[in-house]
A.B. asks: 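Here it is: the structure, laid out below.
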Amino acid sequence: MTDAGYLTIGKVVKKLQQTYPDLSVSKVRYLQDEGLLNPSRTPSGYRLYSQRDVRRLETILYLQKNRFLPLSVIKEELDRADSGQAPEVEATLGRAETVTLPADDEETAGKLHPIDRMPELVGTTVSFVRQLSEAGVITLTRSPHGRDLVDGRDFPLIRVCDELRHFGIGPKNLRQYVIAANRESAMFEQALVVYARKGGGVEMAPTEETRQQFNRAFSRMLGLTNAVRDELIARRIKEPFAEKDGERRQDAR
């Protein structure tokens, strides 16, 4: 076997650490011991990683970091792909990734926090939090002493908006979502009224059962409308590429 195109474990770790800073040689070795990686060996016993091995490792790290999947499930997905079966976990371009806002503990979420503590509590700058407030994404509260306070319930949303900055999407861009949320909330309210009428009248008793029923209905509506929006956006983005593919296919004829 030639060593051309193959990497040592140290070079693999160095190559991927920019994207996965916590990656270490010991972690890669652990994944090997768990049967998720099977690199080639030199006659002297050193492990060498092909480009396919590196891509497989990237897939494992992605599913761990972004999908929070346990190694047992990741191994099943990899085995499924190796056997030519379609993966159960979608990780392809053009599919919207489900992002769940990670909740803080109840004590943090239930308080108002001074804006100057945002670097410590949320990991972002004070100026960025102010920009989100100016765009209407969050609302600041003024204390009796004139200090700007941030609602702890907004921390997960602030973190997600902060990550979007890496893609060039800033607070001003998010203003359109604030406008859309204000407009669409009226649509959802009307839809829930219709839903209540179908259930026997608008004046449904506010019991725990009816609250759960409405929560389920609202969650489902939200999921369905998100799916429609995501699909429409994906189609618009992919249309130019689809046209180019069509042109290439016609040229090939």
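If you read the sequence from its start, that first residue is 1, and numbering goes on from there.
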A.B. asks: Rounded at 0.5 Å granularity, tell me how far CG in Asn38 sits from CG in Asp53.
C.D. replies: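 Answer rounded to 0.5 Å: 7.5 Å.
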A.B. asks: So how far is it from Arg56 CZ to Leu36 CG, rounded to the nearest 0.5 Å?
C.D. replies: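 Taking CZ in Arg56 and CG in Leu36, the distance rounds to 6.5 Å.
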A.B. asks: Could you name each residue pair satisfying ring pair (Phe, Tyr, Trp, His ring centres under 6.0 Å) that touches residues 115-153, not counting sequence neighbours?
C.D. replies: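 Not a single pair qualifies under ring pair (Phe, Tyr, Trp, His ring centres under 6.0 Å).
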A.B. asks: Mind listing the closest non-hydrogen atom pair of Pro171 and Ala135 along with its distance?
C.D. replies: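 Scanning both residues, the minimum pair turns out to be O-CB, 3.3 Å.
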A.B. asks: So, are Asp79 and Lys75 salt-bridged, with charged N and O less than 4.0 Å apart?
C.D. replies: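 Salt bridge present between Asp79 and Lys75.
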A.B. asks: Quick one: salt bridge (charged side-chain N to carboxylate O under 4.0 Å, His left out) partners of Arg165, sequence neighbours excluded?
C.D. replies: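 For Arg165, the residues satisfying salt bridge (charged side-chain N to carboxylate O under 4.0 Å, His left out) (neighbours in sequence not counted) are Asp162.
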A.B. asks: Does the side chain of Ile169 come within less than 4.5 Å of Leu174's, by heavy atoms?
C.D. replies: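 They are in contact (side-chain heavy atoms under 4.5 Å apart), so the answer is yes.
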A.B. asks: Is it the case that one hydrophobic cluster holds both Tyr46 and Ile9, taking links as side-chain heavy atoms less than 4.5 Å apart, direct or via other members?
C.D. replies: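 They do not share one cluster, since no chain of ILVMFWY contacts under 4.5 Å joins Tyr46 to Ile9.
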A.B. asks: Taking all non-hydrogen atoms of both residues into account, name the closest pair between Leu23 and Gln17 and its distance.
C.D. replies: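 Scanning both residues completely, I find the closest heavy atoms to be O-NE2, 2.9 Å.
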A.B. asks: For Tyr30, enumerate each residue passing the side-chain contact (heavy atoms from CB on, under 4.5 Å) test, keeping only those at least two apart in sequence or located in another chain.
C.D. replies: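 Counting only residues at least two positions away or on another chain, Tyr30 forms a side-chain contact (heavy atoms from CB on, under 4.5 Å) with Glu34, Leu71.
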A.B. asks: May I have the list of side-chain donor-acceptor pairs in residues 109-121 shorter than 3.5 Å, sequence neighbours left out?
C.D. replies:
residue	atom	partner	partner atom	Å
Lys111	NZ	Glu107	OE2	3.3
His113	NE2	Thr108	O	2.8
Arg117	NE	Glu120	OE1	3.4
Arg117	NH2	Glu120	OE2	2.8

A.B. asks: Taking the side chain as C-beta and beyond, is there a heavy-atom pair between Arg159 and Thr124 under 4.5 Å?
C.D. replies: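 A side-chain contact under 4.5 Å is absent here.
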A.B. asks: Counting only heavy atoms not in Glu106 (residues, nucleotides, ligands), do more than 12 fall under 6.0 Å from its CD?
C.D. replies: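 No, CD of Glu106 has 12 or fewer neighbouring heavy atoms, counting only those of other groups under 6.0 Å.
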A.B. asks: Drop me the distance from Thr59's OG1 to Ile74's CD1, to the nearest 0.5 angstrom.
C.D. replies: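 Between Thr59 OG1 and Ile74 CD1, I get 9.5 Å after rounding to 0.5 Å.
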A.B. asks: Is the shortest heavy-atom distance from the side chain of Ser133 to the side chain of Val129 under 4.5 Å?
C.D. replies: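 No - every pair of side-chain heavy atoms lies 4.5 Å or more apart.
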A.B. asks: For residues Leu149 and Ile158: do they belong to one hydrophobic cluster (side chain heavy atoms under 4.5 Å, members Ile, Leu, Val, Met, Phe, Trp, Tyr)?
C.D. replies: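 Per the 4.5 Å side-chain linkage, Leu149 and Ile158 are not co-clustered.
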A.B. asks: Check whether any side-chain heavy atom of Val137 sits under 4.5 Å from a side-chain heavy atom of Leu157, and report yes or no.
C.D. replies: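 They are in side-chain contact.
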A.B. asks: For Ser26 versus Ser24, what's the shortest heavy-atom pair and its separation?
C.D. replies: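 Reported closest heavy-atom pair: OG-OG, 3.0 Å.
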A.B. asks: Looking at residues at least two apart in the chain, or sitting in another chain, which of them share a side-chain contact (heavy atoms from CB on, under 4.5 Å) with Arg142?
C.D. replies: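 Asp148.
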A.B. asks: Restricting to pairs with a member in residues 172-183, which pass salt bridge (Lys or Arg N to Asp or Glu O under 4.0 Å), not counting sequence neighbours?
C.D. replies: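 Listed once each, the pairs would be none.
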A.B. asks: Grab the two heavy atoms, one from Gly170 and one from Asn173, that are nearest each other, plus how far apart they are.
C.D. replies: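 Looking at all heavy atoms of both residues, the closest pair is N-OD1, 2.8 Å.
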A.B. asks: Mind checking whether Leu7 and Lys14 have side chains closer than 4.5 Å, heavy atoms only?
C.D. replies: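 Not in contact.
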A.B. asks: Distance-only, no hydrogens or angles: does the Ser185 side chain make a donor-acceptor pair with backbone N or O of Asn182 under 3.5 Å?
C.D. replies: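 Answer holds: yes.
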A.B. asks: Kindly determine whether Leu37 and Ile60 satisfy side-chain contact (heavy atoms from CB on, under 4.5 Å), including the steps that lead there.
C.D. replies: CA-CA 9 Å; Leu37 292 171; Ile60 295 169; 4.0 Å; yes
A.B. asks: State the CZ-OG1 distance between Arg47 and Thr8, to the nearest 0.5 angstrom.
C.D. replies: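 Going from CZ on Arg47 over to OG1 on Thr8, the span is 12.5 Å.
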A.B. asks: Supply the atom-to-atom distance Thr141 OG1 to Asp151 CG, rounded to the nearest 0.5 angstrom.
C.D. replies: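 Separation between the atoms: 6.5 Å.
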A.B. asks: Nearest 0.5 Å, what's the CD-OH distance between Glu184 and Tyr177?
C.D. replies: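 The OH atom of Tyr177 is 10.5 Å from CD of Glu184, to the nearest 0.5 Å.
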